[in-house]
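Encoded as structure tokens, the structure appears first; notes follow it.
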Amino acid sequence: MTTSGNVRRGERRPAASAAVARVSVDVPLPYHLDFPFDYRIPAECDADARPGVRVRVRFRGKLTDGFLLERVEHTEVADKIKYIERVVSPEVVLTPEIHGLARAVADRYVGSLANVLRLAIPPRHARAESRAADDLVPPPSRPAAQGWQRYTRGPAYLDALGNGRSANAVWQALPGEDWPARLAEVAATVASTGKGVVIVVPDYRDVNRVFAACSALIDGVVALSADLGPGERYKRWLSVLRGTVRVVVGTKAAAFAPVADPGLFVVWDDGDSGHAEQLAPYPHVRDVLVQRAHMAGASLLVAAFARTAEAQLLVDTGWAPEIVAAREQLRAAAPRVVAIGETDTQLARDEAARTARLPAIAFDAAREALKAGRPVLVQVPRRGYVPALACANCRVRAQCRKCAGPLALPGGSDDGAPRPAECRWCGAVEVMFRCTACGSRRLRAVVVGSKRTAEELGRAFPGFVVRTSGAGDVLAEVPAAPALVVATPGAEPYAVGGYGAALLLDGWAILGRADLRATEEALRLWMTAAGMVVPAAQGGRVVVTAESGLPTVQALVRWDPVWHANLELSGRTELGFPPAVRMATIDGVPDAVAAVLDELRLPATGEILGPVPLGEDKERALVRTSRAEGRALADAVAAAVRVRTARKDPDPVRVRMDPLELL
DNA sequence: TACCTCATCTTC
DNA sequence: AAGATGAGGTAG
């Protein structure tokens, strides 16, 4: 007698009540199938089949993993329903909070729940799970937090958090600030009330620094970063889930860490591109935490040396008050910053310094710092920026006069014939370029500096150690000793006791990037480096090689990230770019993009830009609405894409909401 | 009439 | 996305 597996298992019977499980299956489904599937819960699984557990189910014939989202009495699909194969483990890994958050993130970014859950919940590691839970550590006592007195609303902010009140904030750290210590004080303050804290930083070096700072004040801190092995990662994540730790420090996936009773979420340096998830649907840590804090009734702290336009918007809309230092505190803390553009560059008289293209002021600043026994940071731009055009005179990025997009020379056939510049966003041809800043009509290609900087500096400063940090080989820390430290942006080592000087070389190249965020990014990179330099009173000097008249350079010289963020935001408001508006990009072959646009039912403020060619016979359309209609935009794009995947149109389109780069 | 290919349909 | 189903065509 032949029997099917189901029958041989002995006539499975459904659980007595709520025998229908709604399951999110973990398979890359086409977008129109992003909804839960119903499965019958067998009686023997009744106890374990709780919402949030992992289950094993048969989906289109194959065994797959899934999350049990909820249990209900009835199903609409009684004729097709199958039994759950088994409950993988009774561990409730998807908490109601994270489920709600993941759903919201999926909706916001036009992605599927399964894709977001894959970012939020690490893969299971059975051995880590079987270990017994540690005891819950007692909350720490409230720390002194003297460091916050330098900021106008600092003490009041700490008080609010310490009294368990919800208090969002956007914090600009003073130059030289020991920001990991300040974040640790904030975390300890919230933890002392018994609530949980999640701190998200851009990379593992920052995780280590903040973890160390937090561990000095708090028992029960855990570091979560992608470089951990699967077993260790799951083990630490479980300690968060089981509520045995109160404070989580980690990189972007930690934004979803299921900390118990969260009171505060922190994102450090929200302008760092490391906070943008590289996997679909590409959520950004800042957005995830804004959403999460809102849903959880917890506070959000957006902190950095510089300030993004997005953070400025949080301030402007009243979502978060700002925490900045009074002017006299800034004067006491800031290094002396000088900008030298090409027109006023006086190269050092020293022969070797001349070879290294070092201006006299930079050479002197470095020499003084070395003499004082301190390391000198030399920031050089990374290779491989998108080729773009800038004004030949003042190096300001060449803008399209219609949409302010970046101008570039059309690539492709190299027949030598000079061709006019084109806008990379709207495709408009520019034959009569005129610089928006200085009025010059000449254009030049933006190129990046050479890798020889390190050798050349070695020759300019004989007898001093030259260290490099960047690309594959990132240095975490340098000692408090004279040395030249050549680093690419984002790879600057932490200097014990601070740098004596920072030389920000080829600053104009960073400014000239063909990017909506070029100026914001330039200031962020400069301030991150300059923020590691000792105060002017201790001889701290910063030299940036860029035109001193440019607003971004001014913002660095005056150390005024708030002014710059306001400028940046009003610029984007004027042009109609994020974060002033909500925007979606739709990529694909021309027919596919056209079909989606055709299907698109936009809300009232909706507007379509392009499509513009994207290379490889692909096109990109930009779609925008007011921020208020952001959700409607996401829904409209989702509906249009769903129609397409449902009728199995051959050419796929890729959608991104508010991408970091529009090109 | 058996068998193969390609399009369409379904996924609990 | 990918296996299951079925329409219609083709060889024998």
Side-chain angles (χ1 to χ4, degrees), chain A residues 2 4-9 11-46 48-88 93-94 99 102-103 106-107 109-119 121 123 278-282 586-589 591-593 595-596 599 618 637-656:
Chain A
T2 58
S4 79
N6 266 356
V7 177
R8 192 170 59 242
R9 268 172 191 257
E11 291 300 323
R12 294 208 272 186
R13 281 201 314 280
S17 69
V20 174
R22 317 215 71 207
V23 174
S24 169
V25 287
D26 186 19
V27 282
L29 284 167
Y31 188 59
H32 69 285
L33 285 180
D34 181 31
F35 52 78
F37 289 85
D38 291 353
Y39 288 86
R40 195 84 69 193
I41 298 168
E44 66 268 25
C45 292
D46 193 23
D48 286 345
R50 296 195 291 150
V53 299
R54 284 180 211 272
V55 290
R56 198 95 172 129
V57 295
R58 208 167 274 283
F59 184 73
R60 52 163 199 239
K62 286 189 165 168
L63 277 176
T64 52
D65 288 315
F67 295 100
L68 197 163
L69 301 180
E70 58 174 332
R71 287 180 64 158
V72 292
E73 288 296 339
H74 301 290
T75 177
E76 306 274 282
V77 289
D79 46 335
K80 304 181 221 171
I81 198 165
K82 291 188 171 79
Y83 273 99
I84 281 176
E85 290 297 317
R86 64 194 175 90
V87 172
V88 174
V93 289
L94 178 59
H99 177 204
R103 183 68 262 169
D107 291 342
Y109 282 95
V110 192
S112 65
L113 179 69
N115 276 353
V116 179
L117 291 180
R118 212 168 300 154
L119 303 172
I121 299 178
Q278 293 301 294
L279 297 167
Y282 319 105
I586 301 165
D587 298 356
V589 297
D591 283 354
V593 174
V596 172
E599 202 67 51
K618 292 266 179 71
V637 174
V641 172
R642 218 176 280 127
V643 166
R644 235 188 116 63
T645 62
R647 66 166 182 240
K648 288 204 68 173
D649 282 309
D651 306 304
V653 292
R654 192 170 78 148
V655 171
R656 289 182 82 149

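Keep in mind that this is a model prediction, so the values were computed, not measured. Worth knowing before you read on, the calculation uses all heavy atoms, side chains too, and leaves out hydrogens, waters and symmetry mates.
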Rounded interatomic separation in angstrom, taking [atom1] from [X] and [atom2] from [N]:
| X | N | atom1 | atom2 | answer |
| --- | --- | --- | --- | --- |
| A:L33 | B:dT10 | CG | P | 11 Å |
| A:F59 | C:dA1 | CZ | C1' | 10 Å |
| A:E73 | B:dC12 | CD | P | 22 Å |
| A:K82 | B:dT11 | NZ | P | 8 Å |
| A:E70 | B:dC12 | CD | C1' | 14 Å |
| A:R56 | B:dC12 | CZ | P | 15 Å |
| A:D79 | B:dT11 | CG | P | 8 Å |
| A:H74 | B:dC12 | NE2 | C1' | 17 Å |

Ignoring hydrogens and geometry, is there a side-chain-to-backbone donor-acceptor pair from [X] to [Y] under 3.5 Å?
| X | Y | result |
| --- | --- | --- |
| A:R22 | A:F35 | no |
| A:Y39 | A:R58 | yes |
| A:Y83 | A:R12 | yes |

Under-4.0 Å salt bridge between A:D65 and A:R118 =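 Judged by the 4.0 Å cut-off on N to carboxylate O distance, A:D65 and A:R118 do not form a salt bridge.
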Is any NZ, NE, NH1 or NH2 atom of the basic residue among A:D46 and A:R13 found under 4.0 Å from an Asp or Glu carboxylate oxygen of the other?
->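 Salt bridge flag = no for A:R13 with A:D46.
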Touch class at under 4.0 angstrom, heavy-atom based, for A:R58 against every strand present |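 Result for A:R58 = sugar-phosphate.
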With a non-hydrogen cut-off below 4.0 angstrom, is A:I81 in contact with a base, only sugar-phosphate, or nothing?
->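 The answer is sugar-phosphate, as A:I81 gets under 4.0 Å only of primed atoms, P, OP1 or OP2.
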Distance test, side-chain N/O of A:K80 to OP1/OP2 of B:dT10, below 4.0 Å |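 No.
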Please examine the side chains of A:D26 and A:L117, heavy atoms only from C-beta on, and report whether any two atoms are closer than 4.5 Å.
->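 Sidechains of A:D26 and A:L117: no contact.
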CD/A:E76: more than 12 non-hydrogen atoms of other groups inside 6.0 Å |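 Atom CD in A:E76 is not crowded, with 12 or fewer foreign heavy atoms closer than 6.0 Å.
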Got a list of protein N/O to nucleotides 3-6 of chain C N/O distances below 3.5 Å?
none

